[in-house]
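Everything on this sheet refers to the single structure shown next.
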Amino acid sequence: QVQLVESGGGSVQAGGSLKLSCTADGYTYLSACVAWFRQAPGKQREGVATIGSTGSTTYADSVKGRFTISHDNAKNTLSLQMDSLKPEDSAMYYCARRATCYYYFGPSLREVDYAYWGQGTQVTVSS
């Protein structure tokens, strides 16, 4: 059973920054076929950023230029650096990983493509 654990959420004022982290058990790599999603109250979960099988990244239009997804190989940690935060970025943030990662898997922000999920970390941005 793959376990993902997010951390780094919190409260920040608009314009501020937060860095989220996601760790996994020892045999689960987080360098590819991984993504960050978020879900605000009353809204559907949406993909925010992803790393595909070849390391390419894709971002939702709403966060492009403000958020950066990355992986630390030494620590096997997936991160999401969030800058210039806006109140509409407030949500529960989840990291996710695909069950398999074939070379032809491109970046995906589709929830259905991911099999493993963390419990989430809350981000609140005040105006």
Side-chain angles (χ1 to χ4, degrees):
Q1 182 74 15
V2 173
Q3 290 188 329
L4 305 177
V5 179
E6 303 94 339
S7 62
S11 297
V12 64
Q13 288 192 328
S17 298
L18 281 174
K19 185 173 184 178
L20 306 184
S21 297
C22 175
T23 58
D25 54 68
Y27 297 100
T28 301
Y29 62 88
L30 295 176
S31 57
C33 297
V34 291
W36 286 96
F37 287 77
R38 67 185 181 187
Q39 186 169 23
K43 294 188 177 182
Q44 288 188 330
R45 187 150 52 182
E46 62 171 346
V48 173
T50 180
I51 303 176
S53 62
T54 61
S56 59
T57 58
T58 295
Y59 297 89
D61 288 342
S62 58
V63 306
K64 208 170 290 184
R66 299 188 298 121
F67 289 13
T68 303
I69 188 172
S70 63
H71 175 257
D72 184 326
N73 286 328
K75 298 179 181 179
N76 191 30
T77 299
L78 179 69
S79 297
L80 184 69
Q81 177 67 45
M82 306 186 295
D83 299 317
S84 302
L85 283 162
K86 304 175 181 179
E88 51 264 43
D89 294 319
S90 297
M92 186 71 77
Y93 282 72
Y94 302 88
C95 67
R97 185 183 177 277
R98 290 195 177 197
T100 56
C101 193
Y102 294 111
Y103 71 94
Y104 52 82
F105 279 5
S108 171
L109 291 175
R110 300 195 318 156
E111 185 177 356
V112 295
D113 287 337
Y114 293 85
Y116 305 113
W117 296 83
Q119 294 300 307
T121 185
Q122 179 67 41
V123 172
T124 303
V125 184
S126 58
S127 57

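- Applying the 4.5 Å side-chain rule to ILVMFWY residues, one finds that Val112 remains a lone member of its cluster.
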Review item, side-chain donor-acceptor pairs of residues 115-127, under 3.5 Å, at least two apart:
from   : atom 1 : to     : atom 2 : distance (Å)
Trp117 : NE1    : Tyr114 : O      : 3.3
Thr121 : OG1    : Gly9   : N      : 3.1
Gln122 : NE2    : Ala91  : O      : 3.3

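- Residues Arg66 and Asp89 are in side-chain contact: their nearest non-hydrogen atoms beyond the backbone lie under 4.5 Å apart.
- In terms of hydrophobic clustering, with Ile, Leu, Val, Met, Phe, Trp and Tyr side chains grouped at heavy-atom distances under 4.5 Å, Val12 and Leu20 are assigned to a common cluster.
- Using modelled atom types, one side-chain atom of Thr50 and one backbone atom of Val34 make a donor-acceptor pair closer than 3.5 Å.
- Within a 6.0 Å sphere centred on CD of Glu88, other residues, nucleotides and ligands contribute more than 12 heavy atoms.
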Stepwise side chain to side chain contact (heavy atoms under 4.5 Å, CB included) check, Thr23 with Asn76: CA-CA 7 Å; Thr23 58; Asn76 191 30; over 6 Å; no
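- Applying the salt bridge (Lys or Arg N to Asp or Glu O under 4.0 Å) test to residues at least two apart or on different chains, the pairs with a partner in residues 46-59 are Arg38-Glu46.
- For the salt bridge (Lys or Arg N to Asp or Glu O under 4.0 Å) condition, the pairs that include at least one residue of residues 96-107, sequence neighbours left out, are Arg98-Asp113.
- Not counting sequence neighbours, the partners of Lys64 by the side-chain contact (heavy atoms from CB on, under 4.5 Å) test are Tyr59, Asp61.
- The side chain to side chain donor-acceptor pair (under 3.5 Å) pairs that include a residue from residues 9-19 are Ser17-Asp83, where partners are two or more places apart or lie in different chains.
- Cluster partners of Val5, using a side-chain heavy-atom cutoff of under 4.5 Å among ILVMFWY residues and allowing indirect links: none.
- With a 4.5 Å cut-off between side-chain heavy atoms of Ile, Leu, Val, Met, Phe, Trp and Tyr, the cluster of Tyr27 takes in none.
- Screening Arg110, Arg45, Met92, Gln44 for a side chain to side chain contact (heavy atoms under 4.5 Å, CB included) with Phe37, the sole residue that qualifies is Arg45.
- Through direct or indirect side-chain contacts shorter than 4.5 Å among Ile, Leu, Val, Met, Phe, Trp and Tyr, Leu109 is connected to no other residue.
- Remark: Ala24 engages Leu4, Thr28, Leu30 in a side-chain contact (heavy atoms from CB on, under 4.5 Å) (not counting sequence neighbours).
- Distance check, rounded to the nearest 0.5 Å: CD of Gln81 to CG of Leu18 gives 8.5 Å.
- Residues Ser21 and Ser79 share a closest heavy-atom pair of OG-OG, 4.1 Å.
- Residues passing the ring pair (Phe, Tyr, Trp, His ring centres under 6.0 Å) test with Tyr104, sequence neighbours excluded: Tyr102.
- Atom-to-atom distance recorded for Ile69:CD1 and Ile51:CD1 is 4.5 Å, nearest 0.5 angstrom.
- Rounding to the nearest 0.5 angstrom, the gap separating the OG atom in Ser70 from the CG atom in Leu78 is 7.0 Å.
- Applying the ring pair (Phe, Tyr, Trp, His ring centres under 6.0 Å) test to every pair with at least one member in residues 66-100, sequence neighbours left out, gives no pairs at all.
- Considering only heavy atoms from C-beta on, Ser31 comes within 4.5 Å of Asn73 through its side chain.
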